[in-house]
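Step one of this worksheet: look at the structure below.
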Amino acid sequence: MFYLKEKVQPFIGKKVLEATGEPKKMDVNRLVNQPVLDFKTHGKEFFICFPDFTVRIHLMLFGYYRINEKKEDGKLRLGMKFDNGELNFYACETTIIKEPLNEVIDWTTDIMNPDWNPEKAMEKVLQKPKLMVCDALLDQDIFSGVGNKLKDEILFETHVHPESIIGKIPKEKLQEMIDTAAVKGFEHLEWERSNRTEGGMKIHYQKACPRDHTPIHLRTLGKTKRTAYFCEKCQELYA
DNA sequence: TCCAATGTTTCGCC
DNA sequence: GGGCGAAACATTGG
């Protein structure tokens, strides 16, 4: 989303000349003639800010977008034409937010936001001492933007086993994890900027640990029941 | 052909 | 009412 925001900067200040999409989801006509004031991101959410309302886009699992091109057989949810190009969103969730964004969104939970507040994240994490780390990292109210892949990368980087229990992890280690979350977020952005060339993922989707070549475990873990890739040898279990 | 996977919300059942 | 699980949505690749 952060990368998308960078790429759509030319549309800021432009008026929507034409809007198409799925009427059931949203009345797209209200966008016509409205100027885009700004694009914002919060975790996995993307916001298109107009004078009187905001469009929220969430790509969910399968959503995707096209800039200055179309996908003919795609399920278009929202398409906007400007005088200098077009922006199309497919198979995603679109919603209108009427309230001022700052009243609805807590920017301090977003690992990629300048207002990201790691101290607050620490407080929230410590309030859930029985939670598994793999679940904690996926909690969007604490780590907005961390997904299943990033979760695996953060745990691998910090040598923490995904099934570790928050309350059993030393505070310094928790701190390291929280800091690493933001670092990994920006590493991922760099990886996207570089056209996704060489391996962005050190552990997710891999077969062997890049450190000691131990075969990587692949299991569904925690209450979130998401697939976790991890190295049993070099990721310590705190339990 | 079938299943799993970058995610989240909602509904039904204890 | 909380917590859990299943279902729903929808796309692509293996």
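Values in this document were obtained by computation on a predicted structure and should not be read as measured data. These values consider heavy atoms only, across backbone and side chains, with no hydrogens, waters or symmetry-generated copies. Every chain is numbered from 1 and lettered A, B, ... according to where its sequence line falls, protein lines coming before strand lines.
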Secondary-structure string, 5' to 3', Watson-Crick or G-U under 3.5 Å, | for another-strand partners, for DNA chain C: .||||||||.||||
Look for any protein N or O under 3.5 Å of an N or O in nucleotides 10-14 of chain B and output each such pair with its distance, or none.
none

What are the atom names and distances for every N/O pair under 3.5 Å that joins the protein to nucleotides 1-4 of chain B?
none

Give every pair of a protein N or O atom and an N or O atom of nucleotides 5-8 of chain C that lie under 3.5 Å apart, one pair per line with the distance.
unit_1	atom_1	unit_2	atom_2	d
dG5(C)	OP2	Lys225(A)	NZ	3.4

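A close approach under 4.0 Å does not occur between any side-chain nitrogen or oxygen of Gln140(A) and OP1 or OP2 of dG7(B). OP1 or OP2 of dA5(B) has not a single side-chain nitrogen or oxygen of Arg226(A) nearer than 4.0 Å.
With rounding to whole Å, Trp191(A) atom CH2 is found 13 Å from dT6(B) atom P. To the nearest angstrom, P of dG7(B) lies 12 Å from CG of Leu137(A). Put simply, CG on Asp141(A) is 10 Å from P on dT8(B), counting in whole angstrom units. Atom pair Leu131(A):CG and dC4(C):P shows a separation of 10 Å (rounding to whole Å applied). The OH atom of Tyr64(A) sits 15 Å away from the C1' atom of dT6(B) (whole-angstrom rounding). When the P atom of dC4(C) is taken as reference, atom NZ of Lys130(A) falls 12 Å away, rounded to whole Å. Across the protein-nucleic acid pair, Leu61(A) atom CG and dT12(C) atom C1' stand 11 Å apart, rounded to whole Å. Atom NE2 of His58(A) is separated from atom P of dT8(B) by 4 Å (rounded to the nearest Å).
Residues of residues 148-161 of chain A having a heavy atom closer than 4.0 Å to DNA chain B, listed by number: Asn148(A), Lys149(A). Residues from residues 91-109 of chain A with heavy atoms under 4.0 angstrom of DNA chain B: there are none.
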Where do Thr108(A) and Lys120(A) land on the side-chain hydrogen bond (donor to acceptor under 3.5 Å, both in side chains) test, with the steps shown first? CA-CA 8 Å; Thr108(A) 68; Lys120(A) 218 174 187 178; 3.2 Å; yes
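Classification of the Trp191(A)-His188(A) ring pair by plane angle, with boundaries at 30° and 60°, yields tilted.
Aromatic rings from Tyr205(A) and Tyr229(A) are positioned such that their centres are separated by under 6.0 Å. For an aromatic pair to be called close, the ring centres must be under 6.0 Å apart, and His161(A) with Tyr238(A) fails this.
Nearest approach of Tyr90(A) to Lys70(A), heavy atoms of both residues: OH-CA, 3.5 Å. Minimum interatomic distance between Leu150(A) and Gly145(A) (heavy atoms only, all atoms of both residues): CD2-O, 4.1 Å. Of all the heavy atoms in Ala228(A) and Leu221(A), the pair that sits closest is CB-CD1, 3.7 Å.
Look at Asp83(A) and Lys14(A) and you find a salt bridge, because one of the NZ, NE, NH1 or NH2 atoms lies within 4.0 Å of a carboxylate O, short of that distance. Contact check on Glu153(A) versus Lys202(A) returns no salt bridge, with no Lys/Arg side-chain nitrogen under 4.0 Å from an Asp/Glu carboxylate oxygen.
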Solution key, residues 58-68 of chain A side-chain donor-acceptor pairs under 3.5 Å, sequence neighbours excluded:
unit_1	atom_1	unit_2	atom_2	d
His58(A)	ND1	Met60(A)	N	2.9
Tyr65(A)	OH	Lys7(A)	NZ	3.4
Asn68(A)	OD1	Glu86(A)	N	2.7

Just list the side-chain donor-acceptor pairs under 3.5 Å for residues 49-57 of chain A, sequence neighbours left out, or say none.
unit_1	atom_1	unit_2	atom_2	d
Arg56(A)	NE	Glu45(A)	OE2	2.6
Arg56(A)	NH2	Glu45(A)	OE2	3.2

Exercise answer: donor-acceptor pairs, residues 31-41 of chain A side-chain atoms, under 3.5 Å, sequence neighbours excluded:
none

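Under the rule for a side-chain contact (heavy atoms from CB on, under 4.5 Å), the partners of Glu99(A) that lie at least two apart in sequence or sit in another chain are Ile97(A), Glu103(A), Val104(A). When the side-chain contact (heavy atoms from CB on, under 4.5 Å) test is applied to Glu123(A), no partner is found at least two apart in sequence or on another chain. Partners of Asp135(A) under the side-chain contact (heavy atoms from CB on, under 4.5 Å) rule, at least two apart in sequence or in another chain, are Leu131(A), Met132(A), Lys223(A), Thr224(A).
Remark: side-chain polar atoms of Ser164(A) are not paired, donor with acceptor, to backbone N or O of Val160(A) under 3.5 angstrom.
Separation of the P atoms belonging to dC3(B) and dA8(C) is 16 Å when rounded to the nearest angstrom.
If you check dA5(B), dT12(C), dT8(B) against the side chain of Tyr205(A), the one that comes closest is dA5(B). Distance from the side chain of Arg77(A) is smallest to dC9(C) among dC9(C), dA5(B), dT8(B).
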